[in-house]
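The sequence lines fix the lettering, A, B, ..., with proteins before strands; numbering per chain opens at 1. Note that the structure is predicted; figures quoted are calculated from it, not measured.
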Amino acid sequence: MQGAPGVGAGGGGGAVSGGGGSITSGGSMSTVSKEDNLVLSSEDSSSCPDESELELGLGLSLGGACRTQQGPRGQYARILTAKDFPYLGSLTSASSSASSSSSSSCSNSSLSRANVTAGTKRSADSVAVANGASSQVVGWPPIRAYRINSLVNQAKLPAAEVFNPLIGKSKNSNTVVGKGTGNGGDKNNGNAKERGQLRSTQFVKVNMDGIPIGRKVDLSAHSCYETLSQKLEDMFQTSTTIMNSIRSSKEEDDMMVGATRPSKLLDGSSEFVLTYEDKDGDWMLVGDVPWGMFISSVRRLRIMRTSEANGLAPRSEERNGRQRTNPI
Amino acid sequence: MDPMRKKDCHDSGESVRVASTFPDEVLERVLALVKSHKDRSSVSLVCKDWYDAERWSRTHVFIGNCYSVSPEIVVRRFPNVRSVTLKGKPRFSDFNLVPPNWGADIRCWLVVFGAKYRCLEELRLKRMTVSDESLEFLALSFPNFKALSLLSCDGFSTDGLAAIASHCKNLTELNIQENDIYDKSGSWLSCFPENFTSLEVLNFAYLHNDVNFEALERLVSRCKSLNVLKVNKNITLEQLQRLLICAPQLAELGTGSFLHELTDRQYSELKRSFNNCNNLNVLSGLSEVAAIYLPALYPACTNLTFLNLSDAALQSEELAKLLVHCPRLQRLWVLDTVEDKGLEAIGSNCPLLEELRVFPSDPFEEGIVHGVTESGFIAVSYGCRRLHYVLYFCRQMTNAAVATIVQNCPDFTHFRLCIMNPCQPDYLSNEPMDEAFCAVVKTCTKLRRLAVSGLLTDLTFEYIGKYAKNLETLSVAFAGSSDWGMQCVLGGCPKLRKLEIRDCPFGNAALLSGFEKYESMRSLWMSDCKVTMNGCRFLAKEMPRLNVEVMKEDGNDDSQADKVYVYRSVAGPRRDAPPFVLTL
């Protein structure tokens, strides 16, 4: 039954015998021109045999060039660029993410495509710091979204019970894999539980104008605007290196206490103002609605320059009605 | 299927007469015992009588690609179906390579089933889009409906589950696994009526909201046939203990979080409850695990054949201590937090192991990365000689290690190796990983599924084409040097059914070299390769029985075919394709 026109209904090599259904060939077919034949036979310069030797040659230098033994745990410095892989074509490494970090991944074609992919799974402004290339490619490593989300949640545990040094807080949005439905993992953990233990989390992205690397904050660790705002001020005042972010993620466990100092982000006295994007996709000023309502509708946060938040009345005035900022 | 029967029919000179005088009723009764789809397909090809008998006696239909056939064709051919399994989107949609709203909506199937399969009892869906309205329609249209299983589906919320719970009076199975579900609340569980007792399988492990525990406890108590229960993380240890008391007969258990603080008395009660679970074959869950409570489990582990620790961040010693109590383990899933030492413990304690999956705990390298290496894998291969299924995520590998592994375990049927940094060579020799996969395909003659990774040239694919005679599924990413690689695979592997490729330098010549083969395959996926629209159009023109679909992304060169999905179909081109899917 090899080669029989098959139908899934029979599994394996099953066939609908006795002329199942007429098949209409789909769509319009363009005529195949001579040009196409050329295209078919020689489009890929990579099909010439020299290329494979060249490839092996590159492979060796590639190995040599990129494999630096970084400490005991082998973090590989990714210093491959598009010209190491000529067959990946002229889709160049001009992608924004490659330029602003010191490393670029080996598959720049998918990288640059990934940046313009509709239904982006990573926001363009969150850039992977010099880590493994696996974090820069859409859908790689091939792990299902539910597993990625549960790994994020694993990180949020009372330190006394389980110590997990391996999972730091996610800083880029690779963990946001909701298939175009926004923060897939976060919306499932919307409700903060008050049971003396943090069991579900609500991580949302936070971006600050002028800083290309975003952060994530767990809203379920806060119960009022003041502590959240303080947390954000602390986050964005310190430098954004990895160690600091890991340190601050551990400190977050301690940041449950009530506010002791007024937050500059909330009272309008700083040059920045805190805004959020809600479920409808609108950008709103943080602080107008009760905390519980805010928690259930927030999707992500943005610390915006006050000068950009035009048309907003000072917060100390009217509290009813929403102030609408222009959607980003 | 007894091959003798078929042979007799052919060998005797009067085969035609024999077949036509064989009473249909007898034939149908006999064929009803044939369960395997492949066998049934073979049966249906023997002659017209057998085709008819087979179609009348078919009660379960498996459709591996929902677009390969239309619901009308299915119901016309098989009038008595009671159980349907449907798979929709290409597998790479699990990794976000397929844009949302691509299709594979169950609705049009349900409408047709609602008219023709009034006795539908089971529906198992994988990678389909299912709306709440569809679930409600399902719940109301099929009075005998028994089993619903949703895996990797999307488009529905817990409201849909509420409809199922409320209306399906004969429900035996509700299996909600790993879906992109809009989890509004846990109130769906409370929708099971108080007089509802038929449930046998309940899996809500991947839902996040609290269910009403008292309602759950009552449900578990009154469903005496319950033998699979997988609860979500919100169920505490104390609550779990209460559930175990209600249902000591469970064969499969998924725990909630294993973390909540217990008093000594609570701990010993928990241990006693596990002691009473003598039938447990499958254990999963254990998310957020506090290792000090693991010993409570030990009494229940004696008969375990499948242990799923892929949600439990265990360290190597904790795993080792647990495995001592699981002598009959055949399938084991772990996180790479157990590291190579944990894998050595597996090698030492699990001689009957047949399947091992090691998942990465930190796939994006955000923390300090440990994980597993080639030595752990080697250790497992020395201890577990019956291993035939492996899924292994790691950050370093060598050709020599893989050669040793397959020498120890030559019976691999599924070999899925994921070296997580793309294009990474053998870290000791700096050579490509070609020889590793050469060893795999040469040694493992029964290999049916292969996923390759690391730095690979066309040589890997030459080996695959030459040696992998039983290969059915091949997954390739960031590999190969030229069209020749893919041509070797398409020219070789006679049993190839599914080929999925991403980010490889294969272009039109490669695509078109297989055009005759695609009709014997379920599907081909190529994304971010070097295929152009013209190549796809040519393929579509030459092979009218294939659907050649291209997914266009904005902002890219119009002549490039970014994502190509080719599959055979008797239903013609899709009628529900969204604007970004072009059928050529």
(request) Please identify each residue that fulfils ring-ring contact (aromatic ring centres under 6.0 Å, His included) with Y67(B), with sequence neighbours left out. (result)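 Only W102(B) meet the ring-ring contact (aromatic ring centres under 6.0 Å, His included) criterion with Y67(B).
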
(message) Holding to side-chain contact (heavy atoms from CB on, under 4.5 Å), I want the full list of residues that pass it with F92(B), two or more places apart in sequence or in another chain.
(response)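 For F92(B), the residues satisfying side-chain contact (heavy atoms from CB on, under 4.5 Å) (neighbours in sequence not counted) are F95(B), L97(B), E500(B), R502(B), W525(B).
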
(request) Please determine, among K48(B), E178(B), R574(B), the option with the most heavy-atom pairs under 4.5 Å with chain A. (result)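 Most pairs with chain A among the choices: E178(B).
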
(request) Carefully, step by step, assess F393(B) and I143(A) under the rule side-chain contact (heavy atoms from CB on, under 4.5 Å). (result) CA-CA 10 Å; F393(B) 284 86; I143(A) 303 171; 4.0 Å; yes

(message) Quick check for you: to the nearest 0.5 Å, what is the distance between N179(B) atom CG and Y146(A) atom OH?
(response)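 Reported value, rounded in 0.5 Å steps: 11.0 Å.
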
(message) So for A477(B), is it side chain, backbone, both, or neither that comes closer than 4.5 Å to the heavy atoms of chain A?
(response)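 Contact with chain A is through the side chain of A477(B) alone.
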
(request) Search all heavy atoms of F359(B) against all heavy atoms of R147(A) and return the closest pair with its distance. (result)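 Nearest pair, atom of F359(B) first, then R147(A): CD2-NE, 3.5 Å.
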
(request) Compare every heavy atom of I419(B) with every heavy atom of W140(A), then report the nearest pair and how far apart it is. (result)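 So the two residues come closest at CZ2-O, 4.0 Å.
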
